[in-house]
Every structure is written in structure tokens, then in C-alpha cells.
Amino acid sequence: MTPPQRQRRHPEREPDPAPRQEGEGRNPERLFVIGEGNDGAADIDLVTLIVGRAEAPGSLPPEQAAVIRLCETPLSGAELSAYLQLPFSVVSVLLTELLAAGLVQARAPIVRQALPDRSLLEAVMHGLQKL
Amino acid sequence: MDFRSSDTIPGPRAEDQLPHTAEAAVKLVIVGGFGVGKTTMVGSVSEIRPLTTEETMTQAGIGVDDNFGSETKTATTVAMDFGRISVSDKLVLYLFGTPGQERFWFLWNGLFEGALGAVVLVDTRRLEVSFDVMGRLEERGVPFVVAVNTFPDAPRYPLEQLRTALDLAADVPIIECDVRRRASSRDVLMTLMRFLHTLALTGRLS
Ligand SMILES: Nc1nc2c(ncn2[C@@H]2O[C@H](COP(=O)(O)OP(=O)(O)O)[C@@H](O)[C@H]2O)c(=O)[nH]1
Ligand SMILES: [Mg+2]
């Protein structure tokens, strides 16, 4: 018996060779970068870690108060969506408002990039080895 | 939207809370067809009970029941299971299991673009359901490894024959697994990480 045959595809465009962040050009060891700032809902990643910065003011809507209560310890956007049982896009909007109000803090994820950082990969491998 | 009062929402159990030292997170994606073992794999390595995030997708459809040809909109909820592994006090790894259909991907901004890499889980009874997703990963330059879940009633092919059938580049790892076993799932993830490490060493990660 022979399995069905696939045909390989190729990258749609060449990866952008220009350094994405200041100073990166001088450091070819960097493969991953910290995600950009938190000035819009689009910037909140599934794995952005959110931490509460303040007590929820009494006037806060219940959804936002719930986020603050859940984020006593760091929690990803995906976990917030799961615990709140709200679509991730709704959680992103809540977080954007809370960030603007200074009530929570965001720890940006590390995302794949064009230039190498082996120590990050090694840290993950080390963690997996302990499983 | 109905929302329960904030006091009634169960948060993470005490043992599921991340330490305050957790300063950054990374993600890996497990992708494959329905029933291929994504949720099982997430669950077998996760330190927390797997959770589900969802997104609502609004599809424009053409009404067929009226004479006006008016557009109707239907909302579909797409769910994605995920788990978590604390790799150190500072760094957290998240694993997302997602259906292979591309129409779901844009729902979660940066799901693949920001991921370190992906595991394509395949079932030899339905090898072709993974063809499209592999092509999409190649087009987007997302590095991936192929894990063949060994279901008892599935046809067994030598891995080299599967490599040829899947038209994998010579350096793309392909391994067999039984994702019900934690050690096997961990091996798959380690294979992906070693592959990424090799790509990083040779400067080919993009
Ligand atoms: N024999 C075998 N069965 C598996 C394996 N992985 C998953 N299954 C079974 O396949 C079924 C579907 O798995 P699930 O993880 O829900 O698939 P998903 O739809 O991709 O999330 C479950 O009944 C699993 O117990 C495997 O590696 N070997
Ligand atoms: Mg599933």
C-alpha cells in the first residue's frame, strides 16, 4: 500500500532582512524578540502575561473587576479567556482598557524572529527535560 | 453578554498559579485534523488541566429561504485547547492545539507567526488532511516537525516512505509517537526544539 502524495510548498516571500528593532543589526545572536508595546488590542497575544497592579476600584464593571482579581498572580490572555469563558477578542478589549487605566501590567511574549537566540531555546529544552 | 459576578468565577487553583517571577512566555502550536490527538498531547504534558479559549467567527452567508437574496450572518464558535509548562521561574511555555483549517487561524492574532514552531500531528488513516496545513506553514516560514500518531488500526508505513509521501525537506524531523504517553509527547516537543536549535545555529530560522 502506498500513502497519498503531497507536494511541498515554499515561503511566499523572502523573510525581511532589515533589522526590526534598533540595535539588532549589531547583534546577530538574537532570534527572538520581546513583542511590541501594549497600545492596542491587536498587541495582546494569547501568551502575554497579565499582572494586576492595583485593587479594583468599586466603580469597575464586573468583567474588569474579575480580570484584576484573577491576575493577582501572572496569567496569560488565553488563561483569562478560559477562566472568564469569554472569547479571546473580548478579553483583549478588556485588557486594553485596564492597561490604559494602569490597573494591570502586561509582560510581552517572546515571539519568533529572524535572528538567533539559542539560550532561549536551550532554556525551553532544559525545562522539557525535567518533565 | 451574560456575565457572572466576579466573585463566582473560579480562577486557577493555588497549585496552578504562576510565580510572580514569571516574566515572559513562549508558545508552540500543535496542529492536525479532528481526532488526531491534539487535546491528548496537550493534556499529557501540561502542568495544568488543559483549558479552552474560544473565539467567535462571523460568517456571511446568502439566505436561501427568501426571495430577496439577502445576506444572513451566522456566528460559529471555534475552540482551542491549551496547556502550560513552566520551564523555569522566569519562562513559561504554552502549547496550543488547533484545527488545521486555515480559516480558523486569523481568529487568534499571531498564533503561528509568533509561535517558536509547530508540531503537525498526522494520522496515517487520513494522511491527506494534513497536506494543506503543512503547505501553509511552509508558505509562512513556520518551522515544524511531523509526529505520526500510531493508532492501532492505522496503516503502518516506514518513516522514510512517509517522508517521501509528505515531500518533507531532508532536515525536517518526522517521528512516531503515542501522545497518550507523557514521555512520547515530550520527545516530540524535544525533537521540535532540537530542530529549532539547529536552524538557529545555521541561521536559517525565519
Ligand atoms: N492509539 C492512540 N490513540 C490516541 C492517541 N492520541 C489520541 N488518541 C485517541 O484518539 C482520540 C482523539 O484524541 P483527541 O486528543 O481528542 O484528538 P483532537 O481532536 O486532535 O484533539 C481519543 O480517544 C484519544 O484517546 C495515540 O497516540 N494513540
Ligand atoms: Mg481536541
Side-chain angles (χ1 to χ4, degrees), chain A residues 1-12 15 28 31-32 34-35 42 45-49 51 56 62-63 65-66 69-70 72-76 78-79 81-84 86-90 107-112 114-118 120-129 131, chain B residues 3 5-6 9-12 17-18 20 22-27 45 51-56 82 85-88 91-94 96 108-111 114-116 124 127-128 131 134-135 138-139 141 155 157 161-162 165-167 169 182 186 189-190 193-194 196-197 200-201 203 205-206:
Chain A
M1 219 167 99
T2 31
Q5 182 64 46
R6 184 182 83 99
Q7 219 165 27
R8 192 184 314 169
R9 294 189 217 157
H10 299 281
E12 276 171 344
L31 176 56
F32 304 99
I34 306 291
D45 191 273
L46 284 163
V47 303
T48 298
L49 296 178
V51 203
E63 291 92 336
R69 197 180 58 80
L70 287 171
E72 267 170 39
T73 53
L75 213 51
S76 66
E79 282 165 298
S81 159
Y83 289 124
L84 296 170
L86 291 174
F88 183 70
S89 53
V90 174
R107 301 177 180 175
I110 301 173
V111 299
R112 194 178 74 251
L115 303 160
D117 175 4
R118 299 194 296 268
L120 174 83
L121 297 172
E122 284 157 11
V124 173
M125 288 157 86
H126 187 73
L128 288 174
Q129 240 137 21
L131 270 185
Chain B
F3 195 81
S5 109
S6 84
I9 291 164
Q17 291 178 349
L18 287 172
H20 277 282
E23 59 189 31
V26 293
K27 60 185 185 263
V45 289
L51 296 170
T52 305
T53 177
E54 55 175 49
E55 199 48 277
T56 312
F82 66 98
I85 300 168
S86 298
V87 300
S88 74
L91 185 64
V92 191
L93 169 66
Y94 286 90
F96 290 90
W108 287 279
N109 183 46
L111 176 59
L116 301 186
T124 54
L127 205 58
E128 61 287 348
F131 287 6
M134 291 169 64
E138 286 162 345
E139 284 169 358
Y157 304 106
Q161 190 179 1
L162 282 177
L166 294 173
D167 195 19
R182 169 175 274 208
R186 184 199 51 210
L189 297 177
M190 280 300 280
M193 295 314 300
R194 276 192 229 102
L196 297 176
H197 196 257
L201 281 175
L205 211 58
S206 63

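Lettering follows sequence order; numbering is per chain, from 1.
- For the set B:Thr124, B:Thr52, B:Leu93, the entry with the most heavy-atom pairs within less than 4.5 Å of chain A is B:Thr52.
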Item to check | Steps toward side-chain contact (heavy atoms from CB on, under 4.5 Å) verdict (A:Ile110, B:Leu91) | outcome: CA-CA 10 Å; A:Ile110 301 173; B:Leu91 185 64; 4.2 Å; yes
Checklist entry - Is there a side-chain contact (heavy atoms from CB on, under 4.5 Å) between A:Asp45 and B:Lys27 once you walk through the steps? => result CA-CA 10 Å; A:Asp45 191 273; B:Lys27 60 185 185 263; 2.7 Å; yes
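- Separating the CG atom in A:Leu131 from the CD1 atom in B:Ile85 is a distance of 4.5 Å, to the nearest 0.5 Å.
- Within the 3.5 Å criterion, the main-chain N or O of B:Ala115 finds a donor-acceptor partner in the side chain of A:Arg112.
- Ranking B:Ser88, B:Pro12, B:Ser86, B:Gly11 against chain A, the residue ahead of the rest is B:Pro12, based on heavy-atom pairs under 4.5 Å.
- Only the side chain of A:Val51 comes within less than 4.5 Å of a heavy atom in chain B; its backbone stays farther off.
- Interface remark: B:Leu189 contributes backbone and side-chain atoms alike to the contact with chain A (heavy atom separation under 4.5 Å).
- Between B:Tyr94 and A:Ser76 there is a side-chain heavy-atom pair separated by less than 4.5 Å.
- Heavy-atom pairs under 4.5 Å with chain B were tallied for A:Ala78, A:Ser81, A:Ala123, A:Gly127; the largest tally goes to A:Ala78.
- Looking at B:Phe131, both its backbone and its side chain come within 4.5 Å of chain A, counting heavy atoms on both sides.
- Annotation for A:Gln5: atom CD counts as buried by contact number, over 12 foreign heavy atoms lying within 6.0 Å.
- Salt bridge status for A:Glu122 with B:Arg194: absent, with no side-chain N to carboxylate O gap under 4.0 Å.
- Between the CZ atom of A:Arg8 and the CE atom of B:Met134 there is a distance of 9.5 Å, given to the nearest 0.5 Å.
- Looking only at side-chain heavy atoms (C-beta outward), B:Leu51 and A:Tyr83 come within less than 4.5 Å of each other.
- Residues B:Glu138 and A:Pro11 have side chains not in contact (no heavy-atom distance under 4.5 Å, counting atoms from C-beta outward).
- The two residues B:Val92 and A:Leu49 make their nearest non-hydrogen contact at CG2-CD1, 4.5 Å.
- Contact record, A:Pro87 with B:Glu55: CB-OE1, 3.3 Å, taken as the closest heavy-atom pair.
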Checklist entry - Could you go step by step and tell me if A:Leu75 and B:Leu18 meet the side-chain contact (heavy atoms from CB on, under 4.5 Å) rule? => result CA-CA 7 Å; A:Leu75 213 51; B:Leu18 287 172; 5.7 Å; no
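- Nearest heavy-atom pair across A:Arg6 and B:Leu166 is NE-O, 2.6 Å.
- Not one N or O on the side chain of A:Arg118 forms a donor-acceptor pair closer than 3.5 Å with the backbone of B:Leu201.
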Item to check | Candidate pair A:Leu120 and B:Leu116, rule side-chain contact (heavy atoms from CB on, under 4.5 Å), full reasoning | outcome: CA-CA 10 Å; A:Leu120 174 83; B:Leu116 301 186; 4.3 Å; yes
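- When side chains are defined from C-beta on, B:Phe96 counts as touching A:Val47, because their heavy atoms get closer than 4.5 Å.
- Here the shortest heavy-atom pairing between B:Glu128 and A:Pro4 reads OE1-CG, 3.4 Å.
- Only the backbone of A:Glu72 comes within less than 4.5 Å of a heavy atom of chain B; no side-chain atom from C-beta onward does.
- Of all the heavy atoms in A:Gln129 and B:Arg186, the pair that sits closest is O-NH1, 4.4 Å.
- Under 4.0 Å is where a charged nitrogen must lie from a carboxylate oxygen, and between B:Glu139 and A:Arg9 at least one such pair does.
- With a 4.5 angstrom heavy-atom cutoff, A:Leu128 touches chain B via backbone and side-chain atoms both.
- The minimum heavy-atom distance linking B:Gln161 with A:Pro3 is given by the pair NE2-CD, 3.3 Å.
- At most 12 non-hydrogen atoms from other residues, nucleotides or ligands lie less than 6.0 angstrom from NE2 of A:His126.
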